[in-house]
Amino acid sequence: MLRSARFLNGFLSGTVCSAVAFYFYNRADFKETSSDGQTKIQTKETYLSEVVTLDLETAKQLKGTDILKYGTPDRGSDARLYYNHVLCYDQAKKIPVWVAELITKSDLTGPANRQHSKFKMDPTLDEFFSSHNKDFLGSGWSRGHMAPAGNNKFSQQAMDETFYLTNIVPQDISNNAGFWNKLEIYVRDLTNRFSEVRVISGPLTLPTVKEGSKQFVNYEVIGNNSVTVPTHLFKVVTAENPQQPDSPIAVGAFIVPNQPIQGSAQLTQYQVKLEDLEKTAGVYFLPRLPPSKRVDLCSVDSCQLISQEALELYFIGRKLENAKTVERVDSVWKDLERRHLIPDDYLIDLYKKKRESLSTEP
DNA sequence: CGGCTTTACCGA
DNA sequence: TCGGTAAAGCCG
C-alpha cells in the first residue's frame, strides 16, 4: 500500500491537524491499560475533545480575526512516503528527523545494485531546504544512509530513493563502514527469525559540552547549506511473528556516537531505554504499541553483532567477486594474509575459481 | 555491505 | 579550458 502511494504526500501534509488529534486519541487510549488513574484519563479525554473541535474555522470565529491570514507556518510534512521507507525531514537541520522501514526477508534479495544509484536531491523536497552533495564533499564527513540501500535489493527504484539526500546524514565514515554497518547487518539477519522487522533510524544532537553543571549542545554544520552533523545516531527496532497469535513484539532502542567505534564493541553497550530515547528525540516512536505488549529485543534475541574478523572477511569476498584482473585478485588475497585473517572454505574456493577464470578468459 | 577518489569523456 | 556526469578503481 505505502510502496505505491507516493502521491499521498500532499494528502498527508494537508491533514496534519487531524493526524495529530488521531495520535493524541490513541495515546490516551492505552494510558487506560497502564497504571494511570481514571481521573487522569478523563482529564486527557476532555482536553482531547477541545483540541479536536478547535479547528481553524472555529478558532477564527472565536477570535474574530484571522491570525493565520497568510497561511499556517509550514515546517514540512510530518511523513514523506517513498516506495520502501517513510521519513520526517527537518528543514532547519537539513537532515531527517526519523526514517522508518518495514523489512521482510524477500526485500533482501533481488536485482537492485547500488552501483546504479546516485546521491541526489529529493525531487519532492523544495531545494531551498535541501542539503547538496557539495555540502558533503571535502567536509570530512561521509553521506550515511538512514534507510540503508541494502534493505532494498528487491527494487532498483526503492534503492534509488534511499539515495535521496532527505535520507542522508553526515556520518563518520569509519562508523558507517564499521559499527553502524554491523548493526544494519544484524537488523537484516533478524528477518531469519522474525517475519516482520521494523526499524526507525535517525540523527541526534545531544548535549556534550559541560561547564560545571551547565550543559550545552554543540554540533558542526557543513557546506553552504549548513547541514547538521549529528553527534549520535539512533535505531529503534521492532521484530515480530504476527502469524503467531498473541506473540510479543520485541523492541530494542540504540544510540550510537557518530564517531569511530572499536571493532570489539558490543551492541548492548549502546542499548538504551526506549523512553529515554523518546524524551531526548522528542518523538514517540511507537505510539500504537502498548508497553504491555513489548519485550526486550536483547532478551529474546542475541543482539550479537558479527565479529570484526567476519566483517573483514565479508569485504574480501565482495572484492574478489568484483575483481576484474588476476593482479587484483592476488592483491586482495595478499592483503588477507597480511592481516592474518583466516578464510573459510567458501572464500578459498571463491579465490581459486576467480583466479582461474580470470587467467584463462581474456 | 558501507563509502570515496580517480579517470574518461563531453559539450559549452 | 572549465564544469558536469559516468564508469572504473580503490578502501574499511
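What you are looking at is a predicted structure, and each value in this text was computed from that prediction instead of being measured. Throughout, a chain's letter reflects where its sequence line sits, starting with A, and its residues are numbered from 1.
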What's the [atom1]-[atom2] distance between [X] and [N], to the nearest Å?
X: A:Ile316; N: B:dG2; atom1: CD1; atom2: C1'; answer: 15 Å
X: A:Leu320; N: B:dC1; atom1: CG; atom2: C1'; answer: 15 Å
X: A:Asn133; N: C:dG3; atom1: CG; atom2: P; answer: 17 Å
X: A:Asn175; N: B:dG3; atom1: CG; atom2: C1'; answer: 12 Å
X: A:Ile306; N: B:dG2; atom1: CD1; atom2: P; answer: 12 Å
X: A:Asp172; N: B:dC4; atom1: CG; atom2: C1'; answer: 14 Å
X: A:Lys235; N: B:dG2; atom1: NZ; atom2: C1'; answer: 12 Å
X: A:Leu165; N: B:dG3; atom1: CG; atom2: C1'; answer: 15 Å

Using nucleotides 6-12 of chain C, report all nitrogen or oxygen pairs with the protein that are shorter than 3.5 Å.
| residue | atom | partner | partner atom | Å |
| --- | --- | --- | --- | --- |
| C:dA6 | OP2 | A:Lys118 | NZ | 2.5 |
| C:dC11 | OP2 | A:Arg328 | NH1 | 3.3 |
| C:dG12 | N7 | A:Lys319 | NZ | 3.3 |

Measuring to OP1 and OP2 of [N], would you say a side-chain N or O of [X] lies under 4.0 angstrom away?
X: A:Arg143; N: B:dG3; answer: no
X: A:Arg188; N: B:dC1; answer: no
X: A:Arg114; N: B:dC1; answer: no
X: A:His145; N: B:dC1; answer: no

>> Ring-plane angle category for A:Phe163 and A:His145, please: parallel below 30°, perpendicular beyond 60°, tilted otherwise.
In response: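 Aromatic pair A:Phe163/A:His145 classed perpendicular.
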> Relative to each other, are the rings of A:Phe179 and A:Tyr270 parallel, tilted or perpendicular (30° and 60° limits)?
Replying inline: perpendicular
If the threshold is 4.0 Å, N to carboxylate O, is there a salt bridge linking [X] and [Y]?
X: A:Glu275; Y: A:Arg294; result: yes
X: A:Asp349; Y: A:Lys353; result: yes
X: A:Asp107; Y: A:Lys153; result: no
X: A:Arg339; Y: A:Asp335; result: yes
X: A:Glu240; Y: A:Arg198; result: yes

> How would nucleotides 7-12 of chain B be written as a contact map, 5' to 3', with B for base contact, S for sugar-phosphate-only contact and - for no contact, using protein heavy atoms under 4.0 Å?
Replying inline: ------
Answer with base, sugar-phosphate or nothing: what part of the nucleic acid does [X] contact at a heavy-atom distance below 4.0 Å?
X: A:Glu184; value: sugar-phosphate
X: A:Ile173; value: sugar-phosphate
X: A:Lys120; value: nothing

> Would you find more than 12 non-hydrogen atoms of other residues, nucleotides or ligands less than 6.0 Å from A:Glu321 atom CD?
Replying inline: yes
> Are A:Asn133 and A:Arg143 linked by a side-chain donor-acceptor pair shorter than 3.5 Å?
Replying inline: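 The answer is yes; a qualifying pair exists.
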> Among B:dG2, B:dC1, B:dG3, which nucleotide sits nearest the side chain of A:Pro148?
Replying inline: B:dG2
> A:Pro248 and A:Val295: which non-hydrogen atoms are nearest, and at how many Å?
Replying inline: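 Reported closest heavy-atom pair: CB-CG1, 3.5 Å.
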